[in-house]
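One structure is given below, encoded as structure tokens.
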Amino acid sequence: MKRLVNDGYDVVEEMLEGYVAANSSYVKLDEENPRVVVSKVISKEERVRIIVGGGSGHEPLFLGYVGADFADAAVVGNINTSPAPDACYRSVKAVDSGKGCLYLYGNYAGDVMNFDMGAEMAMEEDGIRVETVLVTDDVYSAKDKKNRRGVAGDVPVFKVAGSAAARGYDLDAVKTVTENANNNTYSMGVALSSSTLPVTGKAIFEMADGEMEIGMGIHGEPGIERIKIESADKVIDEILTHILEDSKITSGDEVYVLVNGLGGLPVMDQYICYRRVHQILEEKGIIIHKSEVGNYATSMDMVGLSVTLVNLDKEIKELLDYPCDTPYYKIKK
């Protein structure tokens, strides 16, 4: 294992301790539940609170987006494991201001079960209304959009929710526009290696040197096919073929583009891949409003990337451009 850790069983706690120490002007750990990261720059006015979360190992997702006018709290589970229900509940208690809360996370069974339990506890114990939007952007993971898993599309969908709350939308309106953003977000990835688990020091799954898998999920969920590593252009051609076919994004449409590294792929390679994304979209007459390249939603040390397109309407575009300030995502006023 080529990683720098102490005891593999302590990686989440030690990571959280280091993260809040390094970003102490933005965040703190909740006093009652240290698996809840809370914004220290939370708005003073009453507004809908945005809570994101999921398993560790995907940093800077989820904790990196807690700050001003984005997420108000993040709930953190063990590696690739859902947060516990009591942590989900505690996040609501920590940030609610009387306007209700919105849970946002990728569509995974454990997360759905535990966050739903947290929402039920918040209503039963405190009368706090909590709604949920599941991110379902991975085009290969299921034919039906509602059954798809979430990958790097989490980031723009979270951003839309945080901006809507910052602009004073009520809970129903925040949920509606966030669902609209999710319904217009499409992603697909490729993996060239497994990630390694700190506890065992071993790969999550086996992949031979020189192989890659198109369509693989961020936890190692099976993709379309496993083949020999191809050129960057060929990989992006295949990924965008699937995304454009599924999304029906076409000439004249305006999009947000995210090329997301999965943790182990050099930034150089990510920009080489973005180059091809840009070429294809320009050739097809698709207008690129905004592009981002980098590690936004990783899978520890996995070598690979994903491409995300968001088909923009006026409201989604404005919300994606709305100012925010977090350790890993900033838009200046």
Side-chain angles (χ1 to χ4, degrees), residues 3 11-12 15 52-65 74-83 104-112 114-115 134-142 145 147-158 182 185-199 202-207 211-226 235-236 238-239 242-243 246 258-267 269-270 273 292-310 328-329:
R3 299 185 58 178
V11 291
V12 176
M15 178 268 293
V52 302
S56 297
H58 307 302
E59 293 73 33
L61 197 72
F62 299 86
L63 46 77
Y65 307 117
V75 196
V76 178
N78 289 327
I79 291 175
N80 290 344
T81 304
S82 164
L104 284 163
Y105 51 91
N107 184 27
Y108 298 94
D111 290 315
V112 172
N114 289 352
F115 275 98
L134 302 178
V135 182
T136 57
D137 57 305
D138 190 336
V139 299
Y140 178 68
S141 56
K145 176 78 170 171
N147 294 327
R148 292 176 176 173
R149 60 195 175 219
V151 285
D154 284 359
V155 178
V157 175
F158 293 177
N182 177 65
T185 299
Y186 307 88
S187 302
M188 191 169 173
V190 58
L192 284 69
S193 79
S194 174
S195 55
T196 52
L197 290 173
V199 170
K202 296 181 180 179
I204 293 176
F205 57 88
E206 294 299 321
M207 180 176 284
E211 288 186 339
M212 68 178 189
E213 188 156 342
I214 299 285
M216 179 173 284
I218 59 174
H219 304 108
E221 297 93 342
I224 298 171
E225 59 180 345
R226 185 170 295 192
V235 170
I236 295 303
E238 181 166 359
I239 287 174
H242 288 284
I243 290 176
D246 187 271
L258 173 62
V259 172
N260 170 68
L262 291 173
L265 187 72
V267 174
D269 301 29
Q270 296 176 34
C273 290
E292 295 179 311
V293 179
N295 295 339
Y296 289 82
T298 67
S299 185
M300 294 181 286
D301 55 340
M302 182 182 285
V303 179
L305 62 73
S306 61
V307 177
T308 298
L309 300 184
V310 182
Y328 280 86
Y329 203 103

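Just so we're clear, the structure is a prediction, and the values are computed from it rather than from any experiment.
- Residue T81 holds its OG1 atom at 10.0 Å from CG of N114, rounded to the nearest 0.5 Å.
- Around CD of E206, the count of heavy atoms belonging to other residues, nucleotides or ligands within 6.0 Å does not exceed 12.
- Between T308 and T185, some side-chain heavy-atom pair lies under the 4.5 Å cut-off.
- Using the six-membered ring where Trp is involved, Y296 and Y65 have ring planes that are parallel, under 30° apart on the 30 and 60° scheme.
- Residues E213 and P222 are in side-chain contact: their nearest non-hydrogen atoms beyond the backbone lie under 4.5 Å apart.
- Pairing each heavy atom of V12 with each of G77, the nearest pair is CG1-O, 4.0 Å.
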Can you check side chain to side chain contact (heavy atoms under 4.5 Å, CB included) on T298 and L61, steps first, answer last?
-> CA-CA 7 Å; T298 67; L61 197 72; over 6 Å; no

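- When side chains are defined from C-beta on, Y105 counts as touching V112, because their heavy atoms get closer than 4.5 Å.
- With rounding to the nearest 0.5 angstrom, the CD1 atom of I224 is 3.5 Å from the NE2 atom of H242.
- The main-chain N or O of I236 is never found under 3.5 Å from a side-chain atom of E238 such that the two would form a donor-acceptor pair.
- In this structure, C273 SG and N260 CG are separated by 12.0 Å, a value rounded to the nearest 0.5 Å.
- Surrounding OH of Y328 are at most 12 heavy atoms belonging to other residues, nucleotides or ligands under 6.0 Å away.
- Looking at every heavy atom in both residues, S299 comes nearest to S195 through O-CB, 3.1 Å.
- Counting heavy atoms from C-beta outward, L262 and M216 have side chains that stay 4.5 Å or more apart.
- What you find for M302 and A191 is that their closest heavy atoms are SD-CB, 3.9 Å.
- Ring pair F62/F158 is tilted by interplanar angle, where 30° to 60° counts as tilted.
- Between I204 and N80, the closest side-chain pair of non-hydrogen atoms falls below 4.5 Å.
- One distance of note links CG of L265 with CG of D301; it measures 12.5 Å at 0.5 Å rounding.
- The CG atom of L258 sits 7.0 Å away from the OG atom of S187 when rounded to the nearest 0.5 Å.
- Across every non-hydrogen atom of A152 and A297, the tightest pair is CA-CB, 4.0 Å.
- Residue S56 holds its OG atom at 7.5 Å from CG of L63, rounded to the nearest 0.5 Å.
- Taking the side chain as every heavy atom from C-beta outward, Q270 and N295 approach each other to under 4.5 Å.
- Residues R148 and N107 are not in side-chain contact: their nearest non-hydrogen atoms beyond the backbone lie 4.5 Å or more apart.
- The nearest pair of heavy atoms linking P198 to R3 is CG-NH1, 3.4 Å.
- Closest non-hydrogen pair, R226 versus E211, comes out as CD-OE1, 3.2 Å.
- Put simply, the side chain of I79 reaches to within 4.5 Å of the side chain of M300, judged on heavy atoms.
- Exactly one of D137, I214, L309, V307 qualifies for a side-chain contact (heavy atoms from CB on, under 4.5 Å) with M188. That residue is I214.
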